[in-house]
S.K.: 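First, the structure itself, so that you have it in front of you.
Lettering follows sequence order; numbering is per chain, from 1. Basis for what follows: all heavy atoms, side chains included, without hydrogens, waters or symmetry-related copies. As the structure is a prediction and not an experimental result, all values here were calculated from the model.
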Amino acid sequence: MIRYYNTETRAKEELEPIEPKKIGMYTCGPTVYDYAHIGNLRAYCFEDLLRRHLKYCGYEVTQVMNITDIDDKIIRAANKAGIPIDEFTAPYIEAFHRDLSSLNIEPAEFYPRATGHIPEMVDLIKLIIDAGAGYRGDDGSIYFSIAAFPKYGRLSHIKLEGQKAGARIKHDEYDKESVADFALWKAWDEQDGDVYWETALGKGRPGWHIECSAMSMKYLGESFDIHTGGVDNIFPHHENEIAQAETATGRTFVRLWMHNEHLLVDNRKMAKSLGNFYTLKDLPNKGFSPLALRYLYISTHYRSKLNFTLEALQAADKTITGLYDFLKRLEEVKDNPDISYDPEFDNMIEKAKQGFLSELDDDLNMSGALAYLFDLETETNKRLEAGNLNRRHAEKVRDLFLDLDRILGLKLADALKSQSLEDEIEKLIAEREQARKNKDFARSDEIRDRLKEMGIILEDTSQGTRWKKR
RNA sequence: GGCGACGUGGCCGAGUGGUUAGGCAGCGGUCUGCAAAAUCGUUUACAGCGGUUCGAUUCCGCUCGUCGCCUCCA
């Protein structure tokens, strides 16, 4: 039984899809006016973990991730650069997909762009107006009237009366009947320059919230299973999505809302002004694989704040290196008829698997799940060390790790296939072996140093010398 | 002001009313020509103060501290 935490009810709930064994899921994607930072990427990694877990459990997942390629910042920056907005956003969209790929995030089924769905948004706004919840302000913009949607606030549990209204309300939005109302359609003004659409609603562009309601329903239907995003989206963005969609359709918009907590850097909010702002590009310079970052993300519960530090990233890097080493070692276990087959170890393998999966079924408790995996690793190593690990068991453990990597996404299989022995390395190792036999350690160390410079690390074991790439 | 989250051993980070989380780092041992890897052992954990209880890190209250949302924000 899978249970996930629902922001709306503030409780873990059993997953009950609308259609058996199928999940429609909408995940709020990037606004492409800049490169993604490691906080954004945490959200996409969480969503990837969620989809991989669902798929592992046999669900057919249809994931939609929007790309917001029209908003105030984009218009401002594109106009400043003197180029059309699609030209401005293109490199950021490309970078976004590259980032996802290097974190081994599975592609979603759909990446709809806001600018490609203006007609859908216009249609939705018309429905909202027909339902009596939309009105036109003096500036020509169309607003959603919160007063027309009594259930407003049920996701965020915010009571509008308690809000410090006005603190961040701009002067140009005084056309609204109520400060809590939000724009569905923004009428063109001079600052927008060439950026506008001529529609039945007039000349202008969509408000931010309407794209997600329109595009999610287009690809997933009026009612769908899961909607995710960062906690900052709960209010007002997701609250507004609900208001728009349910006003238009009269149906429940989303059954399960899941939100990931933010990431802190050195226990502070990440901000460019604080100088603790990282993007993925910054990591290789510091010697880390993006998969180390992935591990760091998924090993912390998605609803907890994650404190990013370089030390923690380093620990993550060492941890996955340890996993790769472990799998390589398993691969080298020889078939030895003297080693008996211990059926008890089968039970331990099975228990590790079940433990791992049941922790994930409990609202994606990856930390708990990993403990099972590491315990199995230690047990296997002990047997290996004691010389009583049967080849068949080594294969079973390896297969389990590779199987669970469908969820982890750490590319564990790469540890096995990458290193075909190259002649030169083999020759040098053989030469070093000879030197060691002759107790010519100066020569053997020289060879080891030379290989090290080539990025090859040697390990002498009782079964001979192993090597790996660093 | 309204709503909410959190404070676990050097670092990261699960969890539980009474039994070892786990990872990384450190220290000591085994193994090794030396390393590396592995392995064994090890380092007084649950912010503070009260309460409930046979027993609380785990429930309740208060205090202190950190962080978040309150209409750009993963």
Side-chain angles (χ1 to χ4, degrees), chain A residues 10 27-31 33 36-47 68 71-73 146 153 156-170 173 176 179-183 208-209 228-237 239-240 259-264 267-271 295-296 299-320 322-323 325-326 328-329 359 365-375 377-378 380-382 384-386 436 439-441 444-445 448 452 457-462 465-468:
Chain A
R10 293 181 177 171
T27 55
C28 275
T31 300
Y33 67 95
H37 61 245
I38 57 174
N40 299 323
L41 296 171
R42 182 190 187 190
Y44 308 138
C45 250
F46 150 62
E47 287 145 6
T68 302
D71 88 324
D72 289 353
K73 282 183 209 165
I146 301 237
S156 55
H157 306 98
I158 280 176
K159 295 187 193 79
L160 291 170
E161 309 88 71
Q163 302 306 302
K164 268 191 177 173
R168 287 163 73 179
I169 302 296
K170 290 184 215 145
E173 292 181 6
K176 298 189 292 188
V179 286
D181 291 353
F182 57 92
W208 173 42
H209 311 292
T228 72
V231 288
D232 52 285
N233 276 325
I234 297 171
F235 188 88
H237 183 51
E239 201 70 74
N240 292 353
H259 295 93
N260 64 279
E261 250 298 349
H262 280 177
L263 167 145
L264 303 174
N267 272 315
R268 310 197 60 177
K269 184 174 182 174
M270 184 166 55
Y295 179 85
L296 183 61
S299 61
T300 301
H301 190 89
Y302 72 94
R303 284 191 288 114
S304 297
K305 284 186 259 291
L306 186 159
N307 185 24
F308 178 91
T309 62
L310 284 178
E311 200 183 351
L313 184 61
Q314 202 155 26
D317 194 62
K318 297 277 276 195
T319 303
I320 60 174
L323 284 171
D325 288 352
F326 173 63
K328 281 199 65 190
R329 226 174 296 130
E359 289 291 343
N365 184 2
M366 183 58 91
S367 312
L370 286 169
Y372 282 96
L373 221 49
F374 288 121
D375 284 346
E377 179 184 339
T378 301
T380 307
N381 272 328
K382 278 184 193 174
L384 194 57
E385 187 78 2
R436 292 177 72 215
K439 307 263 184 222
D440 180 2
F441 296 121
S444 72
D445 286 351
R448 182 166 61 188
K452 194 175 176 186
I457 305 293
L458 298 186
E459 290 173 9
D460 296 327
T461 74
S462 52
T465 299
R466 299 214 323 260
W467 64 277
K468 64 178 180 182

S.K.: Can you measure A:Phe182 atom CZ to B:U71 atom C1' for me and round it to whole angstrom units?
M.R.: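 Going from A:Phe182 (CZ) to B:U71 (C1'), I get 10 Å.
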
S.K.: For A:His301, report the nucleic acid contact type (base, sugar-phosphate, nothing); a contact means any heavy atom under 4.0 Å.
M.R.: sugar-phosphate

S.K.: Remember a base hit wins even if backbone is also touched, and classify A:Leu373 as base, sugar-phosphate or nothing at under 4.0 Å, heavy atoms.
M.R.: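 Result for A:Leu373 = nothing.
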
S.K.: Using the P atom as the point on both nucleotides, what is the distance between B:U43 and B:U20, in whole Å?
M.R.: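 After rounding to an integer number of Å, I get 14 Å for this pair.
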
S.K.: For A:Phe441 and B:G33, do the ring centres fall under 5.5 Å apart while the planes stay under 30° apart?
M.R.: yes

S.K.: Starting the side chain at C-beta, find the nucleotide from B:A14, B:A74, B:U39 nearest to A:Met270.
M.R.: B:A74

S.K.: For the C1' atoms, the ones on B:G48 and on B:A14, what distance do you get once it is rounded to whole angstrom?
M.R.: 24 Å

S.K.: In whole Å, I'd like the distance from the NZ atom of A:Lys439 to the C1' atom of B:U32.
M.R.: 11 Å

S.K.: Which listed nucleotide (B:C24, B:A74, B:C11) is nearest to the side chain of A:Glu311?
M.R.: B:C11

S.K.: Under 4.0 Å, counting only non-hydrogen atoms across every strand here, what does A:Arg329 touch: a base, just sugar-phosphate, or nothing?
M.R.: sugar-phosphate

S.K.: Does a nitrogen or oxygen in the side chain of A:Thr461 sit under 4.0 Å from OP1 or OP2 of B:C31?
M.R.: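 No, outside the criterion.
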
S.K.: C1' atom, B:C11 versus B:G26: distance in rounded Å?
M.R.: 11 Å

S.K.: Have A:His259 and A:Asn233 got a donor and an acceptor in their side chains that come within less than 3.5 Å?
M.R.: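 Side chains of A:His259 and A:Asn233: no pair found under 3.5 Å.
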
S.K.: Distance check, C1' atoms only: B:G68 and B:C27, in whole angstrom units.
M.R.: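 Looking at atom C1' only, B:G68 and B:C27 are 40 Å apart.
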
S.K.: Given B:U39, B:G22, B:A14, identify the nucleotide with an atom nearest to the side chain of A:Thr378.
M.R.: B:U39

S.K.: side-chain contact (heavy atoms from CB on, under 4.5 Å) between A:Lys328 and A:Arg466: does it pass, once the steps are laid out?
M.R.: CA-CA 10 Å; A:Lys328 281 199 65 190; A:Arg466 299 214 323 260; 5.6 Å; no

S.K.: Does a side-chain heavy-atom distance below 4.5 Å link A:Asn40 with A:Pro30?
M.R.: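 A side-chain contact is absent here, since even the closest heavy-atom pair is not under 4.5 Å.
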
S.K.: Of the candidate nucleotides B:A38, B:A14, B:C34, which contains the atom at the shortest distance from the side chain of A:Thr300?
M.R.: B:A14

S.K.: Could you give the CD-to-P distance, from A:Glu459 to B:G33, as a whole number of Å?
M.R.: 16 Å

S.K.: Is A:Ala43 touching bases, backbone alone, or none of the nucleic acid, heavy atoms closer than 4.0 Å?
M.R.: sugar-phosphate

S.K.: Heavy atoms from C-beta onward define the side chain here; which of B:A21, B:C24, B:A5 lies closest to that of A:Ala315?
M.R.: B:C24

S.K.: With respect to the side chain of A:Tyr44, which nucleotide from B:A74, B:G13, B:U39 is positioned closest?
M.R.: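 Of the options given, the side chain of A:Tyr44 lies nearest B:A74.
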
S.K.: Checking all strands, does A:Leu263 fall into the base, sugar-phosphate, or nothing category for heavy-atom contacts under 4.0 angstrom?
M.R.: base

S.K.: Starting the side chain at C-beta, find the nucleotide from B:G22, B:A36, B:A74 nearest to A:Phe374.
M.R.: B:G22

S.K.: So A:Glu261 and A:Arg42, do their side chains get closer than 4.5 Å, heavy atoms only?
M.R.: yes

S.K.: So what does A:Gly229 hit on the nucleic acid, given a heavy-atom distance under 4.0 Å: a base, only sugar-phosphate, or nothing?
M.R.: sugar-phosphate

S.K.: Report yes if some heavy atom in the side chain of A:Ile146 is under 4.5 Å from a heavy atom in the side chain of A:Phe182; otherwise report no.
M.R.: yes

S.K.: If you measure from the P atom in B:A36 to the same atom in B:U30, how many Å do you get, rounded?
M.R.: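 Approximately 15 Å lies between the P atom of B:A36 and that of B:U30.
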
S.K.: What's the gap between B:G18 and B:U57 when it is taken at their P atoms, as a whole Å value?
M.R.: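 Per the computed distance, 11 Å lies between those P atoms.
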
S.K.: A:Tyr302 OH to B:C12 C1': how many Å, rounded?
M.R.: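 Atom-to-atom, A:Tyr302 to B:C12, this comes out as 20 Å.
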
S.K.: Taking only the side-chain heavy atoms of A:Thr309 (C-beta and beyond), determine which of B:A5, B:A14, B:C11 contains the nearest atom.
M.R.: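 Of B:A5, B:A14, B:C11, B:C11 is nearest to the side chain of A:Thr309.
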
S.K.: Any heavy-atom pair between the side chains of A:Leu323 and A:Phe374 that's under 4.5 Å?
M.R.: yes

S.K.: Is there a side-chain contact between A:Lys318 and the phosphate of B:A25, meaning an N or O under 4.0 Å from OP1 or OP2?
M.R.: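 Checking B:A25 against A:Lys318, a side-chain N or O does come within under 4.0 Å of OP1 or OP2.
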
S.K.: Once you round it to whole Å, what is the distance between P of B:C3 and CD of A:Glu239?
M.R.: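 The answer, rounded to whole Å, is 16 Å.
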
S.K.: For a 4.5 angstrom cut-off between non-hydrogen side-chain atoms, does A:Tyr295 reach A:Leu370?
M.R.: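 A:Tyr295 vs A:Leu370: side chains touch.
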
S.K.: Rounding to an integer number of angstrom, what distance separates B:U58 and B:U8 when you compare their C1' atoms?
M.R.: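 Per the computed distance, 11 Å lies between those C1' atoms.
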
S.K.: Which whole-number value in Å describes the distance from A:Asp325 CG to B:A36 P?
M.R.: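 The answer, rounded to whole Å, is 14 Å.
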
S.K.: Looking at A:Asp445 and A:Arg448, does any basic side-chain N land under 4.0 Å from a carboxylate oxygen?
M.R.: yes

S.K.: Could you give the CD-to-P distance, from A:Glu377 to B:A38, as a whole number of Å?
M.R.: 8 Å

S.K.: Quick one: is A:Asn365 getting a side-chain N or O under 4.0 Å of the B:G15 phosphate, OP1 or OP2?
M.R.: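 Looking at the OP1 and OP2 atoms of B:G15, one of them is under 4.0 Å from a side-chain N or O of A:Asn365.
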
S.K.: What distance, rounded to whole Å, do you find between the two C1' atoms, one in B:U32 and one in B:A25?
M.R.: 23 Å

S.K.: Within a strict 4.5 Å, meaning less than it, do heavy atoms of the A:Ile158 and A:Glu239 side chains meet?
M.R.: no

S.K.: Between A:Asn307 and B:C12, is there a contact of a side-chain N or O with OP1 or OP2 at under 4.0 Å?
M.R.: yes

S.K.: Counting side-chain heavy atoms from CB outward, which of B:A38, B:C67, B:C12 is closest to A:Glu385?
M.R.: B:A38

S.K.: In whole Å, what is the span from the NZ atom of A:Lys452 to the P atom of B:A36?
M.R.: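 In whole Å, B:A36 P lies 10 Å from A:Lys452 NZ.
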
S.K.: Quick one: list whatever passes salt bridge (charged side-chain N to carboxylate O under 4.0 Å, His left out) with A:Arg329, sequence neighbours left out.
M.R.: none

S.K.: Could you tell me whether the phosphate oxygens of B:G4, OP1 or OP2, come under 4.0 Å of any side-chain nitrogen or oxygen in A:Arg10?
M.R.: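 Yes, such a contact exists.
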
S.K.: Could you say whether A:Glu261 or A:Ala316 is positioned toward the 5' end of RNA chain B, judged by the nucleotide with the nearest heavy atom to each?
M.R.: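 Checking each residue's closest nucleotide, the 5'-ward one belongs to A:Ala316.
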
S.K.: Does A:Asp317 get its side chain close enough to the base of B:C24, under 3.5 Å, for a donor-acceptor pair?
M.R.: no

S.K.: Looking across every strand, which nucleic acid part, if any, lies under 4.0 Å from A:Asn240 by heavy atom: base, sugar-phosphate, or nothing?
M.R.: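 No contact at all - A:Asn240 keeps every heavy atom at 4.0 Å or more from the nucleic acid.
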
S.K.: Which listed nucleotide (B:C34, B:U71, B:G23) is nearest to the side chain of A:Arg448?
M.R.: B:C34

S.K.: What would the secondary structure line of RNA chain B be in dot-bracket form, counting Watson-Crick and G-U wobble pairs under 3.5 Å, with [ ] for pairs that cross earlier ones and | for pairs with another strand?
M.R.: (((((((..(((.....[...))).(((((.......)))))....(((((..]....))))))))))))....

S.K.: Quick check on RNA chain B: between A:Leu296 and A:Leu264, whose nearest nucleotide comes earlier from the 5' end?
M.R.: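 Taking each residue's closest nucleotide, the earlier one in sequence belongs to A:Leu296.
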
S.K.: Restricting to non-hydrogen atoms, name the atom on A:Thr300 and the atom on A:Lys305 that form the minimum distance, rounded to 0.1 Å.
M.R.: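 Heavy-atom minimum between the residues: CG2-O, 4.3 Å.
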
